[in-house]
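All values below were derived from every heavy atom in this structure, side-chain atoms included, with hydrogens, water molecules and symmetry-related copies excluded.
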Amino acid sequence: MSWRRRWSSPSPRRCSGPWTRSCARSFAREPNHAGLAVGVLRGAQRWVGTYGLRDVARGLPATPRTTWRMASITKSFTAVAVLQLVERGLIDLDADIRTLVPAWPEKRWPVTVRQLLGHLGGVTNYGRFGPSHDSGPVDSAGALALVTGYELEAEPGTRFLYSTWAYNLLGAAIEAVSGQSYGEYLQEHVFGPAGMVHAALDDRRTRDEHHAAGYRLREGQRVASKVVDVSGRFAGGGTRASIEDLLGFGGALLDYRLVSRTSTGWMQTPMSTRDGRLTDYGMGFATWPLRGHYVVAHSGAQPETSTLLLLLPGEDVAIALTSNVEGQAASLKRIAYGIIELLLEDTGPRLSARRQGTVDAVVNEGLNRVFGYGLAYHRWATHGPGTLPGTGGLPEAFDQVTRLLDRAAIERAPDAARERLLSAHEPREDWLLVRVGAHMARTLEEALGPERLRSYPARGPLAFFNDYLAVCETKSCPDPFRFNEALRADLRRFSGENVAPSRH
C-alpha cells in the first residue's frame, strides 16, 4: 500500500487526533478556527493539504497558493543565509558582530555571530516595546536602531535568551558583507534555490489577494488580529510564504541544497552555555529527541499567524504547518507528532512499563532518556548530518548509568536522583546518556538490522533495552556493557515477562 493511500485511508485509531485528511478538516472546522495548511515530505514523496478559510469574512478558502506570515521561522532563513556566507569566507562565526555591523555600539562584552545564532548573545528581546509593538514601516537600519540602545541582559555564553532583535543584528551582517538588502539576498540565495516561489518579506503594501487574513481569540471568540507591521523584526520574524514554499525550504535543507552537510550539522547541533548546559537550540533551529527521533524544528507566533517547520533529518522527513489563527503552537505540534506516528511508528504495540511507586518511576525515566537520546543521536549521526559526542570511556559510562539507575541510591533521595538523570545527557555530564544509548543503538543495528532499529520509536524503551540485552547474550558483551543484575531484574519486572536471569 502506498504512502498516499495510507494517508487518505487512516484506521480509526489513527484518527483519534487531527493528523489525517478527515481529522485535519475537523480541526479546521472548529468554531474558532479559520485556515490550516499541512505539508509532508518523506524522501521523494510529497503531500500538501489545505483546510478551512484564509479569509472568513469573504469566505475565501485556504489553498496551496495562500501565503502566511512565517513569524520566527524567518530565523531559520537568516541562519541559512549566515552559514552560506560563512562557507564563502565572508563571515567568521566567532567574529565580534561589531566588525561586521559598526552601527552596533560597544557593549560591556563582545558578542559573536555564533552566540547570536544560538541566542546566547545576551541581546534583549523587544526591550520595553513588547512583542506586539508596531514600529514600522522601517528599513533595516531603523530596525537595528531599535535595539542598539539596550545593554546586554547577560554575559554572552552564560544564558539562553531568545531574541528576535539578535537576529536583526545577523540580518544587518548579511547586508554588510553581501552588498545586498536582506530581502534581495534571501530571494537570490535562499528562496530561489529552494523553489520558494511566493516567499518574500512581509510588506503589507505588496500582499496580494492570496494572503491569509489573521485572527486571534478574545474571550473565547475569534476576532481579527491586531494590525502590526513586522518590518522592525525583519530578519527575526519578517517574512511570508506559502505551505509549498515552507515545505520546499525543509526539503532543500534535507538535501543540503542551501548549505553543506557540515554546515547543516552545525545548525542542527544543540549549543550549550559556558557551564555545559544544553540550550536545545542550534543555529536557527531548536532540537530535541522524540521517542528516538532526532527533531529539528522552529515555530512561529505573531499577530495573524501560527507556524511550524519540523524536520527529522535521520529519517528524511519534513513537516510544515501554518494557521491564520494566533496561539496554535500546541495544536500544530500535536498534528506534527501525529503525522510522525502515522508515517514512522506503525510497527506494532508499545511495551509499557508495569511499575509501582516513586523509585520505579525514576528508573523508568532513566530508561526512557537513555533510549530517547541514544537512538535519536545515533540515527542523526548515521543517517543525517550529525556527529556523535566522543565514544571514549564507554565501560565507565555504562557503569555510571548503572549507578544512576540503582534502586537503593534512588530510594535514598528520589528527587536528587531524578535531577541527575535529567542532566545526564548534557556536555557538563560528558554526554553520558547519549553515549551509552547510541552505543546500544549501534549494537542493535549491527546485530538485527536497520529495519528493527526503525521499530523502536513505536515499541518503546523496554523493547530497546530487552533486545539489546538479548543481543549481548549472543555476542557475550563484556560485563560493563550489560548493566547489572538489579537493573536487568527491573526490566523483567517492568516487562511483566518471566525472563531467565542472565549468566553474569
Establish, from distance only, whether the side-chain atoms of Lys75 and Thr78 form a donor-acceptor pair under 3.5 Å.
no
Do Phe465 and Phe494 have their ring centres less than 6.0 Å from each other?
no
Minimal non-hydrogen separation, Ser306 against Val325, with atom names:
OG-O, 2.8 Å
Let's go through Leu421 and Leu405 carefully: what are the C-alpha distance in whole Å and the side-chain angles of both, what is the deciding distance for side chain to side chain contact (heavy atoms under 4.5 Å, CB included) to 0.1 Å, and is it a yes or a no?
CA-CA 8 Å; Leu421 281 170; Leu405 298 175; 4.0 Å; yes
Please check if the distance between the ring centroids of His439 and Phe398 is under 6.0 Å.
yes
What verdict does the side chain to side chain contact (heavy atoms under 4.5 Å, CB included) test give for Leu404 and Ile410, after you've listed the backbone C-alpha separation in whole Å, the side-chain angles of each residue and the deciding distance to 0.1 Å?
CA-CA 8 Å; Leu404 283 174; Ile410 294 170; over 6 Å; no
Between the side chain of Thr307 and the main-chain N/O of Met70, is any donor-acceptor distance below 3.5 Å?
yes
Between Ser423 and Glu429, is any pair of side-chain heavy atoms under 4.5 Å apart?
yes
Examine the side chains of Ser455 and Arg459 and answer whether a donor and an acceptor come within less than 3.5 Å of each other.
yes
Check ion pair Arg452-Asp467 (N to O, under 4.0 angstrom):
yes
Is the shortest side-chain N to carboxylate O distance from Arg492 to Glu485 below 4.0 Å?
yes
Are Val317 and Leu41 side-chain neighbours, meaning at least one heavy-atom pair lies under 4.5 Å?
no
Can any side-chain N or O of Glu87 pair as donor or acceptor with the backbone N or O of Ser263 at less than 3.5 Å?
no
With the side chain counted from C-beta on, respond yes when Thr273 and Thr158 share a heavy-atom pair under 4.5 Å apart, and no when they do not.
no
Would you check if the side chain of Asn125 reaches a backbone N or O of Thr164 as a donor-acceptor pair within less than 3.5 Å?
yes
Salt bridge check: are Glu244 and Arg46 linked by an N-O gap of less than 4.0 Å?
yes
Just checking, any donor-acceptor pair under 3.5 angstrom between side chains of Tyr294 and His383?
no
Atom pair OG (Ser76) and CG (Leu246), whose distance is rounded to the nearest 0.5 Å
9.0 Å
Ion pair Glu451/Arg454, N-O distance below 4.0 Å
yes
Is the shortest side-chain N to carboxylate O distance from Arg407 to Glu411 below 4.0 Å?
no
Check step by step if side chain to side chain contact (heavy atoms under 4.5 Å, CB included) holds for Arg488 and Leu469.
CA-CA 8 Å; Arg488 294 195 291 268; Leu469 289 173; 3.8 Å; yes
Any idea which heavy atoms bring Val38 and Leu321 closest together, and the distance?
CG2-CD2, 4.0 Å
Where does the angle between the aromatic ring planes of His119 and Tyr281 fall among parallel (under 30°), tilted (30 to 60°) and perpendicular (over 60°)?
perpendicular
Is it the case that Asp399 and Thr402 place a side-chain donor and acceptor less than 3.5 Å from each other?
no
How many angstroms lie between atom CG of Leu310 and atom CD1 of Ile335, to the nearest 0.5 angstrom?
12.5 Å
Taking Ser163 for its side chain and Thr124 for its backbone only, find out whether a donor-acceptor pair lies under 3.5 Å.
yes
Would you indicate whether the side-chain heavy atoms of Val363 and Leu487 approach each other to under 4.5 Å?
yes
For the residue pair Ser323 / Gln328, report whether a side-chain donor-acceptor contact shorter than 3.5 Å exists.
no
Within 45 degrees of the ring normal and closer than 6.0 Å to the centroid, is that where the cationic atom of Lys333 sits relative to Trp288?
yes
Side chains of Thr74 and Tyr167: any donor to acceptor distance under 3.5 Å?
no
Should Asp415 and Arg418 count as an ion pair when the cut-off is N to O under 4.0 Å?
no
Can you check whether Leu258's main-chain N or O pairs, donor with acceptor, with Gln84's side chain at less than 3.5 Å?
yes
Is the backbone of Arg216 close enough, under 3.5 Å, to the side chain of Arg222 for a donor and an acceptor to pair up by distance?
no
Would you find a donor on one side and an acceptor on the other, under 3.5 Å apart, between the side chain of Asp92 and the backbone of Asp94?
yes
Non-hydrogen side-chain atoms of Thr269 and Trp380 separated by less than 4.5 Å:
yes
Scan side-chain atoms only and decide if Trp431 and Glu426 contain a donor-acceptor pair under the 3.5 Å cut-off.
no
Between Phe371 and Tyr456, does the ring centre distance come in under 6.0 Å?
no
Taking the side chain as every heavy atom from C-beta outward, state whether Phe160 and Arg277 have any pair of such atoms under 4.5 Å apart.
no
Are Leu93 and Leu117 packed together at the side-chain level, in the sense that at least one heavy-atom pair is separated by less than 4.5 angstrom?
yes
Under 4.0 Å between a Lys/Arg side-chain N and an Asp/Glu carboxylate O for Glu155 and Arg274?
yes
Looking at Tyr377 versus His425, is the centre-to-centre ring distance below 6.0 Å?
no
Provide the closest heavy-atom pair for Pro156 versus Val111 in the form atom of the first, atom of the second, distance.
CG-CG2, 3.9 Å
Closest approach of Leu254 to Pro313 (non-hydrogen atoms, all atoms of both residues):
CD2-CA, 3.8 Å
Taking the six-membered ring where the residue is Trp, are the ring centres of Tyr373 and His378 under 6.0 Å apart?
no
Under a 4.0 Å N-O cut-off, is there an ion pair linking Arg428 with Asp275?
no
To the nearest 0.5 angstrom, please state how far the CD atom of Gln115 sits from the CG atom of Leu161.
12.5 Å
Between Thr305 and Glu326, a side-chain donor and acceptor under 3.5 Å
no
For the student: nearest non-hydrogen atoms of Ala447 and Val471, plus distance
CB-CG1, 3.6 Å
Is it the case that the side chains of Asn466 and Ser495 hold a donor-acceptor pair, with the cut-off being a distance below 3.5 Å and no angle test?
yes
So Leu312 and Val295, do their side chains get closer than 4.5 Å, heavy atoms only?
yes
Between Gln400 and Asp430, does the side chain to side chain contact (heavy atoms under 4.5 Å, CB included) criterion hold? Intermediate values first, please.
CA-CA 11 Å; Gln400 289 180 63; Asp430 202 21; over 6 Å; no
Passes side-chain hydrogen bond (donor to acceptor under 3.5 Å, both in side chains), Tyr468 versus Thr443? Steps please.
CA-CA 7 Å; Tyr468 169 77; Thr443 299; 5.1 Å; no
